[in-house]
**Student:** 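Before anything else, here's the structure in question.
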Amino acid sequence: MSAPTAQRTNPDRHATAQRLLKSSAKKAYDPSVDIDWDAPLVDDALWVPEHRVSLYGTELWERLTPEQRLELGKHEACSVASVGLWFEVLLMQRLLKDFYAEDPTSPRAQYALTEVADECRHSQMFARMVATAGVDPYGPRESVRQLGKLFSVVSRGPAAYGAILVAEEVLDRLQREQANDERIQPLMRQVNRIHIMEEARHVSFARDEVTRGMAEISRTEKAYQRFIIAFISMFVVRSLINPKVYAAVGIDPAEGRRAALANPHHHEMVRWAGEKIVPFLDEVGLVGHPGMTWWRQSFLLGER
Ligand SMILES: [Fe+2]
Ligand SMILES: [Fe+2]
């Protein structure tokens with residue numbers, strides 16, 4: 001049998017997708033059966049380590065009781081999960097647009113659909129975890145949710161996949177830390193473990209798209225790509241914690257958000273979470289003018 005046309009004409013473009021298709025066929029999870037949704041929650045278990053809560057180290061944090069700290073951690077974990085699934089929906093739109101423009105028989109197109117299938121299961125899993133925790137599915141702030149409608153319009157090429165990588169790799173770093181922490185709620189740990197295993201493929205795919213995409217575009221287009229990725233990444237990072245979470249422990253949402261955005265501990269957590277992806281984006285030329293204002297506001301660059 002002859003290979004599909006796209007594969008014959010441009011083998012490099014499909015090599016990574018081909019490898020990832022094989023890996024997906026070998027190992028994929030179905031959270032509806034791979035998670036015991038009927039298991040009771042552990043009352044005193046943390047949902048995130050205390051040092052990852054956005055107000056950790058602030059005066060507001062000092063005023064909270066141990067129970068309130070645990071409650072805030074639970075609401076923040078559920079905020080991140082519900083914002084994470086919103087990112088996944090935006091990524092699915094991007095992947096489907098790419099599929100639409102491609103030979104449907106090519107490995108790259110086939111892998112795009114496979115990744116959509118992964119993300120469908122993840123989004124169901126995150127939503128179900130939030131419902132099981134009994135917390136509102138906060139999602140992003142309304143203004144950012146509206147802005148998200150523009151994602152697949154203004155972003156294309158390396159910046160689109162680069163911004164997706166920021167979301168995936170920042171969350172991945174936090175999830176890896178929690179998956180092995182025995183103080184964390186077992187449901188949260190299992191959700192994280194499943195997500196980590198499948199995201200590794202998504203990260204490989206997106207990194208390949210970014211590297212190849214940057215090699216193919218003009219200098220002017222690179223400047224546009226640098227602006228767009230910085231702008232979106234700033235919103236990605238600043239959207240993880242919906243300010244409504246603070247009301248769950250009696251803190252005014254605006255006051256809580258101000259304190260978190262001014263919290264050096266929170267800045268350091270974001271820098272740490274971006275420690276793997278930022279050098280990669282820098283190396284391919286996506287961190288720089290005219291996006292530096294947005295990068296600095298994202299806290300991803302640390303003191304730079
Ligand atoms: Fe995912
Ligand atoms: Fe993903």
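Read the numbers this way: they start at 1 and go in the same order the structure lists the ligands and their atoms.
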**Student:** Between Y246 and R257, is there a cation-pi geometry (under 6.0 Å to ring centre, at most 45° from the normal)?
**Tutor:** no
**Student:** If the plane angle is over 60° it's perpendicular, under 30° parallel, otherwise tilted; pick one for F235 and F231.
**Tutor:** perpendicular
**Student:** For the atoms OE2 of E119 and OE2 of E199, give the angle they form at the Fe ion (ligand 2), rounded to 10 degrees.
**Tutor:** 110°
**Student:** Using a distance-only test with no angle check, is there a side-chain donor-acceptor pair under 3.5 angstrom linking E71 and H75?
**Tutor:** yes
**Student:** Taking backbone and side chain together, does H202 place any N/O/S atom at a distance below 2.8 Å from the Fe ion (ligand 1)?
**Tutor:** no
**Student:** Restricting to N/O/S atoms, is E88 within less than 2.8 Å of the Fe ion (ligand 1) or not?
**Tutor:** yes
**Student:** Do Q225 and L286 make a side-chain contact, defined as non-hydrogen atoms from C-beta onward lying under 4.5 Å apart?
**Tutor:** yes
**Student:** Any N/O/S atom, side chain or main chain, of E115 closer to the Fe ion (ligand 2) than 2.8 Å?
**Tutor:** no
**Student:** Given the ring of W272, does R52 sit roughly above its face, with NZ or CZ under 6.0 Å from the centre of the six-membered ring and within 45° of the axis?
**Tutor:** yes
**Student:** Could you identify the N, O or S atom of H122 positioned closest to the Fe ion (ligand 1)?
**Tutor:** ND1
**Student:** When you measure from the Fe ion (ligand 2) to each N, O or S atom of E168, which atom gives the shortest distance?
**Tutor:** OE2
